[in-house]
K.L.:
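Take a look at this one; I'll ask things after.
Heavy atoms only: backbone and side chains are in, while hydrogens, waters and symmetry mates are out.
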Amino acid sequence: MKFFLQCLQLLPLLIIFSLESLLKLFIPKKRKSVTGEIVLITGAGHGIGRLTAYEFAKLKSKLVLWDINKHGIEDTAAECRRLGAKAHAFVVDCSNREDIYSSAKKTTKAFLPVMMKNNHGHIVTVASAAGHTGVPFLLAYCSSKFAAVGFHRALTEELAALERTGIKTTCLCPNFINTGFIKNASTSLGPILEPEEVVDKLIDGILTEQKMIFIPSSICLLIVLERILPERFLAFLKRKIDIRFDAVIGYKTKGQ
């Protein structure tokens, strides 16, 4: 009962903050400048990472580019320099801790300890809509993206607890993207996303300091509904959403 009464006392704040959030929907947030800022991009040798590097190059950021593919990362760096930015390329295997630490010595300013000291920076986590809801036959992928979303949320809370309000966090959660990773994907939520569209929304989200970027935005509504609707209705709704892609069904046993 005591907890219930405490919640009632918070009702005026809920109303005020809800109205504030509603008002912000109609007031475009001013974009911050990233000119001269150090931007570390992992996986910059291809796909979303490469396109993101190009956009930050246009904004005159100082780029530190990581990828395991030497040819790809050098091509990205060359194009970023052509666009007028300073770009430093490093071949890094982000699954290898020693490789990361070795490269980190050359890019110390890009990491959290110095950001904490300066109370300045922006950390972007690339996750997926699959980090909020399960998708059949994407068990490992969904698990890794749930972990990415959890990392973003925990980090955001920790920075707030430490009063490091100058360090911003953003998590990107798109639907299927046309990168070839998922074959022949389709859904009733809309057409498969093109990488350029995703990067445009990512850059806008970073510059306006959005916490969570859902692409398309309807995914946000579906996630809310998933938490309040009856399970049987959700099963019906998911059939209507009709997520499809080429999947390997079944598991090979030893000797097959």
Side-chain angles (χ1 to χ4, degrees), residues 41-55 65-73 75-76 91-96 124-152 170-203 205 212-227 229-256:
I41 302 175
T42 61
H46 64 287
I48 298 295
R50 170 176 280 181
L51 293 176
T52 302
Y54 292 165
E55 293 303 313
L65 309 175
W66 283 10
D67 199 280
I68 195 171
N69 185 314
K70 185 175 187 295
H71 178 72
I73 197 69
D75 283 351
T76 301
V91 178
V92 181
D93 181 357
C94 288
S95 66
N96 186 316
V124 180
T125 303
V126 178
S128 166
H132 296 270
T133 185
V135 181
F137 313 117
L138 287 179
L139 179 61
Y141 182 78
C142 288
S143 299
S144 68
K145 296 307 179 182
F146 265 85
V149 171
F151 167 81
H152 160 76
T170 294
C171 187
L172 175 67
C173 296
N175 196 4
F176 291 120
I177 307 174
N178 184 22
T179 60
F181 178 71
I182 302 292
K183 303 295 183 183
N184 299 320
S186 66
T187 169
S188 61
L189 290 174
I192 301 305
L193 302 169
E194 292 300 324
E196 293 80 4
E197 175 187 2
V198 174
V199 171
D200 283 347
K201 293 187 180 297
L202 172 60
I203 296 296
M212 193 77 70
I213 305 171
F214 290 104
I215 312 173
S217 56
S218 57
I219 292 174
C220 182
L221 175 61
L222 290 173
I223 291 169
V224 173
L225 292 176
E226 189 172 26
R227 284 158 173 73
L229 293 176
E231 187 175 344
R232 290 184 64 189
F233 182 82
L234 281 173
F236 176 79
L237 180 61
K238 287 180 179 180
R239 286 198 295 270
K240 288 293 184 183
I241 293 174
D242 194 25
I243 297 175
R244 297 188 182 191
F245 55 90
D246 290 350
V248 178
I249 301 175
Y251 300 89
K252 290 184 179 181
T253 58
K254 189 175 182 180
Q256 283 186 309

K.L.:
Can you tell me how far CD of Glu55 sits from CG of Asp200, rounded to the nearest 0.5 angstrom?
P.N.:
6.0 Å
K.L.:
Would you compute the distance between atom CD1 of Ile177 and atom CG of Leu172 and round it to the nearest 0.5 angstrom?
P.N.:
6.5 Å
K.L.:
Is the closest side-chain heavy-atom distance between Val124 and Leu202 below 4.5 Å?
P.N.:
yes
K.L.:
Who passes side chain to side chain contact (heavy atoms under 4.5 Å, CB included) against Asp75, sequence neighbours left out?
P.N.:
Arg50, His71
K.L.:
State whether the side chain of Thr76 and the backbone N or O of Ala44 hold a donor-acceptor pair below 3.5 Å, judged by distance alone.
P.N.:
yes
K.L.:
Between Ile241 and Leu222, which heavy-atom pair has the shortest distance, and what is it?
P.N.:
CD1-CD1, 3.9 Å
K.L.:
Mind checking whether Tyr54 and Val199 have side chains closer than 4.5 Å, heavy atoms only?
P.N.:
no
K.L.:
Can you measure from NZ (Lys201) to CD1 (Ile213) and round to the nearest 0.5 angstrom?
P.N.:
10.0 Å
K.L.:
Working to the nearest 0.5 angstrom, can you tell me the gap between Leu229 CG and Phe236 CZ?
P.N.:
12.5 Å
K.L.:
What side-chain hydrogen bond (donor to acceptor under 3.5 Å, both in side chains) pairs are there with at least one residue in residues 132-144, not counting sequence neighbours?
P.N.:
Thr133-Glu226
K.L.:
Sort out for me which residue in Asp67, Asn69, Thr179 forms a side-chain contact (heavy atoms from CB on, under 4.5 Å) with His46.
P.N.:
Asp67
K.L.:
Would a 4.5 Å heavy-atom cut-off, applied to side chains only, mark Ile219 and Cys173 as touching?
P.N.:
no
K.L.:
Drop me the distance from Ser188's OG to Arg244's CZ, to the nearest 0.5 angstrom.
P.N.:
10.0 Å
K.L.:
Might you point out which heavy atoms bring Ser128 and Lys145 nearest each other, and give the distance in Å?
P.N.:
CB-CG, 3.7 Å
K.L.:
If you look at every heavy atom in Cys220 and Phe214, which pair is closest and at what distance?
P.N.:
CB-CD1, 3.7 Å
K.L.:
Indicate yes or no: at least one non-hydrogen side-chain atom of Ile215 is less than 4.5 angstrom from one of Asn175.
P.N.:
no
K.L.:
Measure the NZ-CG distance between Lys240 and Asp242 for me, rounded to the nearest 0.5 Å.
P.N.:
9.5 Å
K.L.:
Does any part of the side chain of Val126, heavy atoms only, come nearer than 4.5 Å to the side chain of Thr42, both counted from C-beta?
P.N.:
no
K.L.:
Looking only at heavy atoms, what is the nearest atom pair of Lys70 and Ile73, with distance?
P.N.:
O-CG2, 3.2 Å
K.L.:
So, using side chain to side chain contact (heavy atoms under 4.5 Å, CB included) as the criterion, who are the partners of Leu221 when residues are at least two apart?
P.N.:
Leu225
